Number of protein chains: 2
Amino acid sequence: MPKRVAVEIERSLRERLASGEWASTGRLPTERRLAAHYGVARNTLRKAIEGLVREGKIFRHVGRGIFVNREPSPIEQIFHVLRDVSPADLLAVRQIVEPQAAALAASHASRAQIEAIAEAHRMGCESGEIALFEQWDAEFHQRIFAATRNELLFAIHRLLSLIRQQNAWIDLKRESFGEEQRRNYCRSHARILEALRRRDDVAAEREMRLHLEETRQALFGRH
Amino acid sequence: MPKRVAVEIERSLRERLASGEWASTGRLPTERRLAAHYGVARNTLRKAIEGLVREGKIFRHVGRGIFVNREPSPIEQIFHVLRDVSPADLLAVRQIVEPQAAALAASHASRAQIEAIAEAHRMGCESGEIALFEQWDAEFHQRIFAATRNELLFAIHRLLSLIRQQNAWIDLKRESFGEEQRRNYCRSHARILEALRRRDDVAAEREMRLHLEETRQALFGRH
DNA sequence: TTACAATGAACCAATAGTATACCAATTAAG
DNA sequence: CTTAATTGGTATACTATTGGTTCATTGTAA
C-alpha cells in the first residue's frame with residue numbers, strides 16, 4: 001500500500017502540539033518550513049494538518065502563518081460579548097437593574113448624594129445643547145447607582161455605560177431625540193428625584209421603571 | 001515566515017511602560033525616534049503602539065508627542081473594584097438580577113434549554129458530594145441565564161460567577177452548608193424549574209426571589 | 001494495469017514591513 | 001506676530017512572505 005506519510009506526520013504534530021512546543025509564541029512554523037523539516041512536499045504536509053484545522057486545534061491565515069488555538073480567558077470571553085451587544089439586550093438589562101437601584105438609593109443614599117443627584121437633574125434640565133443634556137442625563141443615572149452604596153452595582157452600571165459609549169447604534173437614538181422628548185425625560189427625572197427625597201423606595205422603583213419604559217418607546221416604538 | 005516585528009515591539013513597549021521608564025517626564029520619544037531605536041519603519045512602530053493607544057495606556061497629540069496615561073482605563077478601574085467586592089454587595093446584586101432573569105427565562109427559553117436546566121437540577125440533587133452539588137448548583141443558575149436569550153445578561157452572570165470564584169469568602173459559606181441546607185436548595189430549584197416548565201414568569205420570579213432569600217439567611221442569618 | 005498517495009511546480013490572494021511623501025496641529029525661534 | 005521646525009495622521013507604491021489552489025507527474029501496493 002502507499003506509505004501514508006501524512007498520517008504519520010499528523011500524529012507527530014498532534015504530539016508536539018499537545019506538548020506545548022508552540023505554546024509560547026502561539027504560532028507554528030510555516031507550511032514550507034514544516035514540509036522541509038519532515039522532508040516532505042508541501043501538499044503532503046497540508047494534508048497532515050487539515051485534521052488539526054478541522055478540529056479547531058490550530059487555525060491558519062493567508063500571509064500570516066499557522067497559529068495554535070488558545071482558549072481565551074473567562075474575562076476575555078465576557079468582554080468579547082460586551083463589544084457587540086444589541087440595544088434591545090442592553091435596555092432589557094437596564095430595565096432589570098435600574099429600578100431596583102433607584103429603590104436601593106432611596107433607602108441607602110446620604111443627603112449629600114441626593115443633592116448630587118439633584119444637581120445633575122438641574123444641570124440637565126437647564127442645559128441648552130443636546131450633547132450637554134445627554135452628559136448630565138448619564139451623570140444623573142450614574143449618581144443614583146453611586147447612592148446605592150453598593151460597589152458592585154456601581155461597577156455594573158459603569159460597565160453598561162461603557163457599552164453604550166463604544167457601540168455605534170447609540171447614534172440612532174440621537175436622531176430620534178427631540179426637544180419634546182427632552183422635556184419628558186426632565187419631568188421623569190424630577191419624579192424620580194422627588195421619590196428619592198421622600199426616601200420612598202417603592203415610588204423610586206416605579207418612577208424609574210416608567211422612565212425606562214419611556215426610553216424604550218423612544219428607541220423602539222410602543223408595543 | 002513574516003517577521004511580525006510590530007508584535008515584538010509592542011511587547012517591548014509594554015514592558016518599558018510598566019517599568020516606569022517614561023513615568024518621570026510623562027512622555028515617550030517621538031514616533032520617528034522610537035522607529036529608529038528599534039531599527040524599523042515608522043509604519044511598523046505605529047502599528048506597535050496602536051494597541052497601547054486603544055487600551056488607553058498612552059495617548060498622542062499631533063505636533064506634541066506621545067504621553068503616558070497615568071489613569072487606569074475604565075475597564076481596569078471596574079475590574080479593580082470587582083476584585084474585592086463584599087459578599088453582601090454580591091448577594092444584593094444577585095437578588096436584583098436573578099429573579100428577573102428567571103422571569104425572562106420563563107418567557108424566552110427554548111424547550112431544549114428548559115431540559116438543560118432540568119438536567120442540572122437532577123444532577124445536583126442526585127450528587128453525593130458537596131463539591132459536586134455546588135458545581136451543578138452553579139450550572140443550574142447559569143443555564144437559567146442562558147435561557148433568557150439575552151447575551152448581556154448572560155455575560156453579567158458569568159461576571160458574578162467569576163467574582164464568587166476568585167474571592168475567598170466563599171469558604172465561609174461552605175462551612176455553614178449542611179445536608180439539610182442542600183435538600184432545601186434542591187426543593188427550591190424544583191419549584192423554580194416547575195414554574196419555568198409552566199412558562200409562569202411571575203412564579204419563576206417569586207420562587208427565585210425566595211431561593212435567594214434562603215441563600216441570604218444561610219450566609220448572614222435572618223433579619 | 002489500476003488506484004491512490006506523494007511529489008514538484010506554478011500561480012493567486014492576503015498580510016507584514018519598508019520607504020516616501022504630504023498634511024495639519026503644535027511648538028519654538030526670530 | 002510671523003515663520004520655520006517638529007510631530008502625529010494619512011495615503012500610496014513596492015517587496016517579501018505565507019497560506020490557498022490547481023495540475024501534471026512519479027512511485028508503490030493491490
Side-chain angles (χ1 to χ4, degrees), chain A residues 1-17 21-70 72 80 166 168, chain B residues 1-17 21-71 73:
Chain A
M1 84 173 70
K3 280 182 281 181
R4 298 186 58 96
V5 183
V7 289
E8 280 302 310
I9 297 178
E10 180 173 353
R11 202 169 49 85
S12 166
L13 286 176
R14 277 200 150 75
E15 286 180 10
R16 299 174 70 178
L17 203 57
E21 179 173 350
W22 327 107
S24 58
T25 63
R27 70 186 301 209
L28 279 66
T30 69
E31 291 184 352
R32 289 173 174 85
R33 275 189 187 279
L34 281 174
H37 173 268
Y38 285 106
V40 96
R42 193 156 77 98
N43 292 2
T44 309
L45 188 117
R46 281 182 59 82
K47 276 190 180 175
I49 61 179
E50 263 168 19
L52 300 175
V53 172
R54 247 183 292 110
E55 296 169 22
K57 295 190 186 300
I58 61 176
F59 56 90
R60 302 176 285 192
H61 280 299
V62 180
R64 300 189 62 197
I66 312 173
F67 303 86
V68 308
N69 193 356
R70 181 178 53 89
H80 183 269
Q166 60 188 209
Chain B
M1 68 177 93
K3 286 178 258 174
R4 299 219 307 171
V5 181
V7 184
E8 284 301 311
I9 296 177
E10 180 174 352
R11 213 157 41 104
S12 167
L13 287 176
R14 277 203 150 77
E15 286 179 10
R16 298 174 71 178
L17 204 57
E21 180 172 348
W22 327 106
S24 58
T25 63
R27 65 184 300 177
L28 278 67
T30 70
E31 291 184 351
R32 290 174 175 83
R33 274 189 187 280
L34 281 173
H37 173 269
Y38 285 106
V40 96
R42 194 157 75 98
N43 293 359
T44 307
L45 188 118
R46 281 182 59 81
K47 275 190 181 175
I49 61 179
E50 261 168 20
L52 300 175
V53 172
R54 244 184 296 109
E55 295 170 24
K57 296 190 185 301
I58 62 176
F59 55 90
R60 302 176 285 194
H61 281 300
V62 180
R64 299 192 62 196
I66 312 174
F67 304 86
V68 307
N69 190 358
R70 290 184 175 76
E71 302 222 333
S73 71

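Every value quoted in this text rests on a predicted model; they were computed, and no experiment measured them. Both backbone and side-chain heavy atoms feed into the values below; hydrogens, waters and symmetry mates do not. So you know, we letter chains A, B, ... as the sequences are listed, proteins then strands, and number each from 1.
- With hydrogens and angles left out, the side chain of B/R42 and the base of C/dG17 share no donor-acceptor pair within 3.5 Å.
- Judged purely by atom type and a 3.5 angstrom limit, B/R70 uses its side chain to pair as donor or acceptor with the backbone of B/A23.
- Within a heavy-atom distance below 4.0 Å of DNA chain D, the residues of residues 24-38 of chain B found are B/T30, B/E31, B/R32.
- A salt bridge links A/R11 with A/E15: the closest approach of a Lys/Arg side-chain nitrogen to an acidic carboxylate oxygen falls below 4.0 angstrom.
- If you measure from atom CG of A/N43 to atom C1' of D/dA24, you get 12 Å, rounded to the nearest angstrom.
- A/L34 and A/L45 make their closest contact through CB-CD1, 3.3 Å (heavy atoms, listed as atom of the first residue, atom of the second, distance).
- Following rounding to the nearest Å, B/I66 (CD1) and C/dT26 (C1') show an atom-to-atom distance of 15 Å.
- Rounded to whole Å, the distance from CZ on B/R64 to C1' on C/dA28 is 14 Å.
- Side-chain atoms of A/Y38 and A/T44 include no donor-acceptor pair closer than 3.5 Å.
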Could you go step by step and tell me if A/E8 and A/R4 meet the salt bridge (charged side-chain N to carboxylate O under 4.0 Å, His left out) rule? CA-CA 7 Å; A/E8 280 302 310; A/R4 298 186 58 96; over 6 Å; no
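- The residues B/E50 and B/R54 are annotated as not salt-bridged, no charged nitrogen and carboxylate oxygen being separated by less than 4.0 angstrom.
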Apply side-chain contact (heavy atoms from CB on, under 4.5 Å) to the pair A/R33 and A/H37, showing each step before the final yes or no. CA-CA 6 Å; A/R33 275 189 187 279; A/H37 173 268; over 6 Å; no
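- Side-chain proximity of A/V62 to C/dG8, D/dG20, C/dT27: nearest is D/dG20.
- In this structure, the side chain of B/R60 does not engage the main chain of B/V53 through any donor-acceptor pair within 3.5 Å.
- Within a heavy-atom distance below 4.0 Å of DNA chain D, the residues of residues 44-61 of chain B found are B/R46, B/R60, B/H61.
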